[in-house]
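Computed over heavy atoms, backbone and side chain alike; hydrogens, waters and symmetry mates excluded. Small disclaimer: the values here were computed from a predicted structure and weren't measured.
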Amino acid sequence: MKIQVSSSADAARSDLFAVLLPEGRALKLDTEVGKTAAALLRRKEWKAEARATLLLYGDGGNERLLLVGLGKDKELDAEGVRRAAAVAAKRASGLDIKTVGLRVDSTKVKPAELGSAVAEAITMAAYRAPAKRKEKQDDDFKGMTFRLVADKQAAATKGGVERGQVVGAAANLARELGDMPGNVLTPTVLAERSTRMARSAGLKSRVYRKKDLERLGMGGILGVNRGSHEPPVLIELTYQPKRFSKTVCLVGKGLTFDTGGISLKPSANMEEMKYDMCGGAAVIGAMDAIARLKPNVKVVGIVPSTDNMPGGAAQKPGDTLETAAGLTVEVINTDAEGRLILADGLHHATKQDPDFIVDLATLTGACVIALGHDAAGLYSNDDGLTRMLKEAGEEAGDLAWPMPLFKEYQDDLKSTVADLKNLGPREGGAGTAAAFLSRFVGDHKWAHLDIAGTAWGARDRNYVGGKLASGAGVRLLVQWLESLG
Ligand code: BES
Ligand code: MN
Ligand code: ZN
């Protein structure tokens, strides 16, 4: 699949010409089908409501015109463009054609942003689950070329298209890792995949193995790993540009399968717990994009990874462990394991003395109950960081919603035998989990994104969503990091 920027004349010569049109706008297209479509619009037989489609044929079937509605122009944003572009691409891919011209008849979204939105949406709409690829083709739009019209400001549009392809591919990498089953994507394989990505994108990468974790006293990761036959890892990816004034650490939960451990989960839907590494996948995806887009900010990606199994040596409720930060934890429930591995990951991040730490994790079912499948829960100890991340999420179409971090939550984590326990009450479970994490970031500005409701099974938005992994977090992080430098 290719995405290019072209003139109106070249785009119009494609097998299919698609026009994304706001409601109430007249169609200007000087061809036979163009005139037919314009007449239908004038008579209001078709209204350009958001994502409505109309496919028309002319010239004995040799000319194809697809109209896709954008809805009300004054409400149009990049997300509206993404969704409509994905609708156009999917409709085109059902037609057994090669070339598709795309024209967006609105100036509401500026050229660079528009190019990025279109390219990102088409790239993400082409995503197909890894195991299904052998059936037919690599992606859903194989062999197709999309030509986005830019008669004015072609350079800005082209820059946007390039960015959109990078960001879309990075999100797809995170989705692919997420959709891989737990027997295939072990911590060792996750480390291999991230090392491979680092090599091709030009990042420094380092993998800490079990012996290294022991040396660093990472009792959280090692405690969770006790019941497993697969060794744990901690992945570290570094992007360091020549010029930078800020350093950011990204930390992602890389739990390759969560059975709950000795506090075993019920069987229903347990297969979904292969997605428990999606926070880690988001960090790896974001690092891929950052390495290629090269903003002036230093970024270190950290992914602690293990599975959570109930083997004979597994940790038990009531066990205590010592984290790398020196804080001891009483393990009340072995299914609250994400916070244990993140405790060590976050502490590792503090050693970089970063300006900001952001972690991403499929941390709690409670967050899904609170927010559903539309936005990640956003917890932070800094209001400025909260604002930046919320805004970046809105621009990127990758939402996060601010949630409170009450200091009273700490009272719920008091243990009689250790510095803290890993379980609070059921009520407010996403907040106490975040409160637990806050103990491991020192004085650093930090935010936590609970992506349990958005990493898979998210709302269908044409280019993303549905049962498969969504790449949640990748686009939000890239948008924010670009704004820092
Ligand atoms: N990985 C799960 C969280 C999860 C559950 C994400 C369902 C998405 C859907 C996490 O490790 C977990 O098991 N959390 C427990 C915490 C509880 C034991 C305090 C939960 O949410 O039930
Ligand atoms: Mn769990
Ligand atoms: Zn988990």
Side-chain angles (χ1 to χ4, degrees), residues 3 5-59 63-95 100-122 125 146-154 156-157 160-161 164 374 394-397 399 459-465:
I3 308 173
V5 171
S6 77
S7 65
S8 288
D10 285 344
R13 274 193 290 274
S14 304
D15 298 332
L16 171 75
F17 190 55
V19 180
L20 277 52
L21 197 71
E23 259 176 63
R25 179 89 28 106
L27 178 71
K28 295 205 178 72
L29 185 61
D30 211 10
T31 61
E32 186 202 332
V33 269
K35 284 171 192 154
T36 307
L40 289 170
L41 278 160
R42 274 197 301 276
R43 294 203 304 264
K44 299 200 166 42
E45 284 193 39
W46 187 82
K47 285 204 202 81
E49 282 159 3
R51 298 176 296 285
T53 60
L54 180 68
L55 179 62
L56 295 167
Y57 288 84
D59 190 22
E63 198 187 337
R64 299 176 193 83
L65 171 64
L66 176 68
L67 298 185
V68 181
L70 288 171
K72 295 197 168 50
D73 197 43
K74 65 176 191 311
E75 288 166 20
L76 186 66
D77 58 6
E79 180 65 4
V81 172
R82 279 184 210 105
R83 294 190 62 173
V87 167
K90 286 184 169 175
R91 190 76 181 83
S93 82
L95 295 178
V100 181
L102 278 166
R103 193 179 86 190
V104 183
D105 282 8
S106 169
T107 52
K108 195 68 203 315
V109 179
K110 297 286 162 275
E113 205 191 341
L114 181 99
S116 185
V118 168
E120 193 178 296
I122 294 175
F146 296 90
R147 299 170 178 148
L148 176 62
V149 172
D151 290 324
K152 289 177 216 149
Q153 296 195 268
T157 310
V161 165
D374 291 293
E394 269 155 21
E395 283 164 18
L399 301 182
R459 187 181 301 278
D460 184 5
R461 288 191 277 137
N462 311 95
Y463 66 95
V464 70

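For Asp10, the salt bridge (charged side-chain N to carboxylate O under 4.0 Å, His left out) test picks out Arg13, with sequence neighbours left out. Judged as a salt bridge (charged side-chain N to carboxylate O under 4.0 Å, His left out), and not counting sequence neighbours, Arg51 has no contacts. Residues meeting the salt bridge (charged side-chain N to carboxylate O under 4.0 Å, His left out) test with Lys47, sequence neighbours left out: none. Contacts of Thr31 classified as side chain to side chain contact (heavy atoms under 4.5 Å, CB included), with partners at least two apart in sequence or in another chain: Leu29, Val33, Glu63.
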Only distances under 3.5 Å count here; give the side-chain donor-acceptor pairs of residues 38-45 to other protein atoms, sequence neighbours excluded, each with its distance to 0.1 Å.
unit_1: Arg43; atom_1: NE; unit_2: Glu45; atom_2: OE2; d: 2.9
unit_1: Arg43; atom_1: NH2; unit_2: Glu45; atom_2: OE2; d: 2.7

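Across Val68, Leu70, Leu21, a single residue satisfies side chain to side chain contact (heavy atoms under 4.5 Å, CB included) together with Val104, and that is Leu70.
Other residues, nucleotides and ligands contribute over 12 non-hydrogen atoms within 6.0 Å of the NZ atom of Lys90. A 6.0 Å sphere centred on CG of Asp59 holds more than 12 heavy atoms belonging to other residues, nucleotides or ligands. Within 6.0 Å of CZ on Arg459 lie no more than 12 heavy atoms contributed by other residues, nucleotides or ligands.
Atom CG of Asp30 and atom OG of Ser8 lie 12.0 Å apart (nearest 0.5 Å). A distance of 8.0 Å separates NZ of Lys72 from CD of Glu49, quoted to the nearest 0.5 Å. Going from atom CZ of Arg64 over to atom CZ of Arg91 covers 11.5 Å, rounded to the nearest 0.5 Å. In this structure, Leu27 CG and Leu54 CG are separated by 10.0 Å, a value rounded to the nearest 0.5 Å. Atoms CG and CG, on Leu114 and Leu20 in that order, are 8.5 Å from each other to the nearest 0.5 Å. Here the CG atom belonging to Leu16 is positioned 8.0 Å from the OH atom belonging to Tyr57, to the nearest 0.5 angstrom.
With a 4.5 Å cut-off on side-chain heavy atoms, Asp151 and Ser7 count as touching. Looking at heavy atoms from C-beta onward, Val19 lies in side-chain contact with Phe17 at the 4.5 angstrom threshold.
Here the closest non-hydrogen pair linking Ile122 and Ala85 is CG1-O, 4.4 Å. Closest non-hydrogen pair, Ala88 versus Ala18, comes out as CB-CB, 4.4 Å. In this structure, Ala156 and Pro111 approach most closely via the heavy-atom pair CB-CB, 4.0 Å. The two residues Ala86 and Tyr463 come nearest to each other via the heavy atoms CB-CB, 3.6 Å. When all heavy atoms of Trp46 and Leu67 are compared, the closest pair comes out as CH2-CB, 3.6 Å. Nearest heavy atom pair, residue Ser106 against residue Pro22, reads CB-CG, 4.0 Å.
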I would like to know whether Val5 and Arg147 meet side-chain contact (heavy atoms from CB on, under 4.5 Å); could you show each step before the answer?
CA-CA 5 Å; Val5 171; Arg147 299 170 178 148; over 6 Å; no
For a side-chain contact (heavy atoms from CB on, under 4.5 Å) check, start with the C-alpha distance between Val118 and Val81, then their side-chain angles and the critical distance, and finish with the verdict.
CA-CA 7 Å; Val118 168; Val81 172; 3.7 Å; yes
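Ion pairing between Lys108 and Asp73 fails under the 4.0 Å rule for side-chain N and carboxylate O.
Within the structure, every pair that satisfies the salt bridge (Lys or Arg N to Asp or Glu O under 4.0 Å) test and touches residues 80-89, not counting sequence neighbours, is listed here: Glu79-Arg82, Arg82-Glu120.
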